[in-house]
Amino acid sequence: MMIPEDTGKEYRRFWRDKLRVSDTDEHDDEGRAGLFTKEQYKAYEDARTYKSMKNQIPLDAPRLQAPITALQAFFEEMNHWERSAEQRGRGDQADIDDLFSRRVSLSPRPGWRPVHLFWKKGGTYTNYRLVAGERVTKSKFWIYAEADIFYYRYLMRLIDGNWMIDNAQWCQAGRWSFCGL
């Protein structure tokens with residue numbers, strides 16, 4: 001099929017976004033399973049996930065250090081809360097409410113922990129790796145993270161002199177959607 005030159009980019013972008021790759025995680029010694037190696041599949045998912053970034057900032061940029069520190073502090077405190085909840089067999093509502101009041105903006109959203117207490121063995125955020133930042137405004141930044149094969153981004157917003165999480169999203173099939181903390 002011949003694609004007109006002026007619409008070729010748009011067509012290829014649409015085709016890539018609608019492409020569904022069915023490949024298993026059972027890779028052989030060379031990293032191949034079916035059609036793609038692990039590296040090729042990761043590169044494909046990276047391109048699809050990060051395509052919407054407009055103002056990318058490296059993680060070591062000075063203006064991104066305060067939001068990153070605030071996000072990492074939230075991760076550490078959540079992991080600590082989850083480990084203590086796991087040891088006791090129950091989560092403490094007062095502790096999680098205190099943590100969220102200090103680290104998360106006041107916008108109530110379904111799925112955020114103060115509504116439904118749950119925890120993951122060892123902590124939800126133990127294997128999260130921060131990969132990029134994106135400037136939205138002077139006081140808002142997206143910080144992108146990866147955990148295994150999953151992609152997340154956190155909107156950090158400056159509220160009354162403190163950096164707080166204002167939104168959390170995860171990427172599925174190239175589309176970002178809200179997720180709980």
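Nothing fancy with the numbering, it's 1 onward along the sequence. Computed from a predicted model, the values in this text were never measured in an experiment.
A distance of 8.5 Å separates CH2 of Trp163 from CG of Leu64, quoted to the nearest 0.5 Å. Note that the CD atom of Glu77 and the CZ atom of Phe100 stand 11.0 Å from one another [nearest 0.5 Å]. If you take CD1 on Ile165 and CZ on Phe74, they are separated by 4.5 Å, rounding to the nearest 0.5 Å.
Applying the side-chain hydrogen bond (donor to acceptor under 3.5 Å, both in side chains) rule to Arg63 yields no partners; only residues at least two apart in sequence or on another chain are considered. Here Arg88 pairs with nothing under the side-chain hydrogen bond (donor to acceptor under 3.5 Å, both in side chains) rule; sequence neighbours left out.
Between the side chain of Asn127 and the backbone N or O of Ala147 there is no donor-acceptor pair closer than 3.5 Å. The backbone N or O of Ala132 lies less than 3.5 Å from no partner atom in the side chain of Gln56, so there is not a single donor-acceptor pair. Proximity of a side-chain donor or acceptor of Asn79 to a complementary backbone N or O of Phe75 within less than 3.5 Å is detected. Within the 3.5 Å criterion, the main-chain N or O of Leu59 finds a donor-acceptor partner in the side chain of Gln65.
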Apply side-chain contact (heavy atoms from CB on, under 4.5 Å) to residues Arg83 and Thr126 and explain how you reach the verdict.
CA-CA 11 Å; Arg83 282 187 222 110; Thr126 53; 4.1 Å; yes
Kindly determine whether Met78 and Arg103 satisfy side-chain contact (heavy atoms from CB on, under 4.5 Å), including the steps that lead there.
CA-CA 10 Å; Met78 276 303 303; Arg103 301 287 182 194; over 6 Å; no
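Placement of Met164 and Leu71 in two distinct hydrophobic clusters is found when ILVMFWY residues are connected by side-chain heavy-atom separations under 4.5 Å, directly or transitively.
Nearest heavy-atom pair across Leu130 and Ala145 is CD2-CB, 3.8 Å. Of all the heavy atoms in Ala168 and Leu181, the pair that sits closest is CB-CD2, 3.7 Å. Between Ile57 and Ala61, the shortest heavy-atom distance links the atoms CG2-CB, 3.3 Å.
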For residues 150-159, dump all side-chain donor-acceptor pairs below 3.5 Å to protein atoms at least two apart in sequence or in another chain.
unit_1, atom_1, unit_2, atom_2, d
Tyr151, OH, Lys42, NZ, 3.4
Tyr151, OH, Asp46, OD1, 2.6
Arg153, NE, Gln169, OE1, 2.8
Arg153, NH1, Tyr144, OH, 3.2
Arg153, NH2, Gln169, OE1, 2.7
Arg157, NH1, Asp166, OD1, 3.4

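When only modelled atom types and interatomic distance are considered, Gln172 and Ser177 share no side-chain donor-acceptor pair under 3.5 Å.
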